[in-house]
Amino acid sequence: MKGVTKKPQENAASNLDAVKIKWFHHRLSTWGTQNLRDFPWRQTCDSYAILVAEHLLQKTDAVTVVPIYKAFLFKYPTLENLVKASIDELSELLKPLGLYFRAERLYQCARIIIEQYGGKIPNSEKQLLELPGIGKYTARAICSQAFSQPLAVLDTNVARILERFFGLQGERVKSRCKILWRAAETIAPDKKVGKWNLTLLDFGAMVCRAKNPLCNDCPLSAKCDYVQIQPNDSKKILLSSSLK
DNA sequence: ATCCGGACCA
DNA sequence: TGGTCCGGAT
């Protein structure tokens, strides 16, 4: 008896109606055209640079990554430079970011790409997933940013937006939640998904934040389930902001 | 003191 | 599936 408990899926489907998605998409796209943040890894389509950035960005705030990323590319401007690096120096460079295993993973990543792919970063999600330190999020981030592939991503920012706006209830580990992945794919446009992904990331980081979301200034609040249901906190915020 | 965040391994 | 890895923000 596997197919019996289908309720969450049905709820999700009913909340993800086409009209609401269209509205969501239009509002967010407009927001994105004027609010996207400017990071150095967003000014390149060099797949190596993007691979490096995505490694460093895992579980790490983008602002703290910036100086390390710049130093990294200065010291190891190409994949070939990276495989020739000393692990100690590489570790030292990445140290301020914590999560020390990343130096090794990134290095192994580079080595495998040299050895198995002739130094060319693989451009398929499936191949990227086999590299150390690259999971579903990172693989799809690379595919959408570096190779312009129409692949949606789901990180905690995206998950939070989807849960709040569409009233979805994800599992504790969002990255493994099928409903949220499905929702992320459903709401993605069929063109310019790379930019769309960035829009969601930035919107989650700047407006639909984990703590103290800016519901009063949110272009989605009119149709957001979260605003409707919010008991205390956001009411207070809405109230106080309406007084200024 | 506690929260926040991807990949990986047990 | 749940614990672990880290620093920074609050």
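Residue numbers begin at 1 in each chain, while the letters A, B, ... track the order of the sequences. Only heavy atoms go into these numbers, but all of them, side chains included; no hydrogens, no water, no symmetry mates. These numbers were taken from a predicted model, which means no experiment stands behind them.
- Separating the CD atom of Glu104(A) from the P atom of dG6(B) is a distance of 22 Å, rounded to the nearest angstrom.
- One can place CH2 of Trp181(A) at 11 Å from C1' of dG6(B), the figure rounded to the nearest angstrom.
- For the 3.5 Å distance criterion, the side chains of Thr78(A) and Asn81(A) qualify, holding a donor opposite an acceptor.
- Note on Arg105(A): only backbone sugar-phosphate atoms sit closer than 4.0 angstrom, heavy atoms only; bases stay farther off.
- Taking atom CG of residue Leu57(A) and atom P of nucleotide dC5(C), one finds them 22 Å apart after rounding to whole Å.
- Counting only distance, with no hydrogens or angles, the side chain of Thr60(A) and the backbone of Gln58(A) share a donor-acceptor pair below 3.5 Å.
- Regarding contacts with the backbone of dT1(C), every side-chain N or O of Arg172(A) stays at 4.0 angstrom or more from both OP1 and OP2.
- We find that CG of Leu56(A) is positioned 15 Å from C1' of dA7(B), with the value rounded to whole Å.
- We find that CD of Gln58(A) is positioned 8 Å from P of dG6(B), with the value rounded to whole Å.
- Looking at residues 129-152 of chain A, you'll see that no heavy atom sits under 4.0 Å from any atom of DNA chain C.
- Put simply, CG on Leu97(A) is 16 Å from C1' on dA9(C), counting in whole angstrom units.
- Distance alone, capped at 3.5 Å, places no donor-acceptor pair between the Asp61(A) side chain and the Thr64(A) backbone.
- Under the 30°/60° scheme for interplanar angles, the aromatic rings of Phe165(A) and Phe24(A) are found to be tilted.
- The nearest whole Å value for the distance from the CG atom in Leu51(A) to the P atom in dA7(B) is 12 Å.
- Where Val173(A) and Pro96(A) each meet DNA chain C at their nearest nucleotide, the meeting point lying more 5' is that of Val173(A).
- Contact of the Asn35(A) side chain with the Val207(A) side chain is not registered, since no non-hydrogen atoms from C-beta on lie closer than 4.5 Å.
- The side chain of Thr64(A) lies closest to dG8(C), out of dG8(C), dG7(C), dG3(C).
- In this structure, Arg160(A) reaches the sugar-phosphate backbone alone: every heavy-atom distance under 4.0 Å involves primed, P, OP1 or OP2 atoms, never a base.
- No donor-acceptor pair closer than 3.5 Å links the side chain of Trp181(A) to the backbone N or O of Arg176(A).
- Checking dA7(B), dC5(C), dC8(B) against the side-chain heavy atoms of Arg176(A) singles out dC8(B) as nearest.
- Taking every side-chain heavy atom of Lys59(A) into account, dG6(B) is the closest of dC6(C), dG6(B), dG2(C).
- Closest to the side chain of Lys211(A), out of dT10(C), dG2(C), dC5(C), is dT10(C).
- Partners of Glu54(A) by side-chain hydrogen bond (donor to acceptor under 3.5 Å, both in side chains), not counting sequence neighbours: none found.
- Counting non-hydrogen atoms under 4.0 angstrom, Thr156(A) reaches the backbone sugars and phosphates but no base.
- Taking atom CD on Glu171(A) and atom P on dG2(C), their separation rounds to 10 Å, with Å as the unit.
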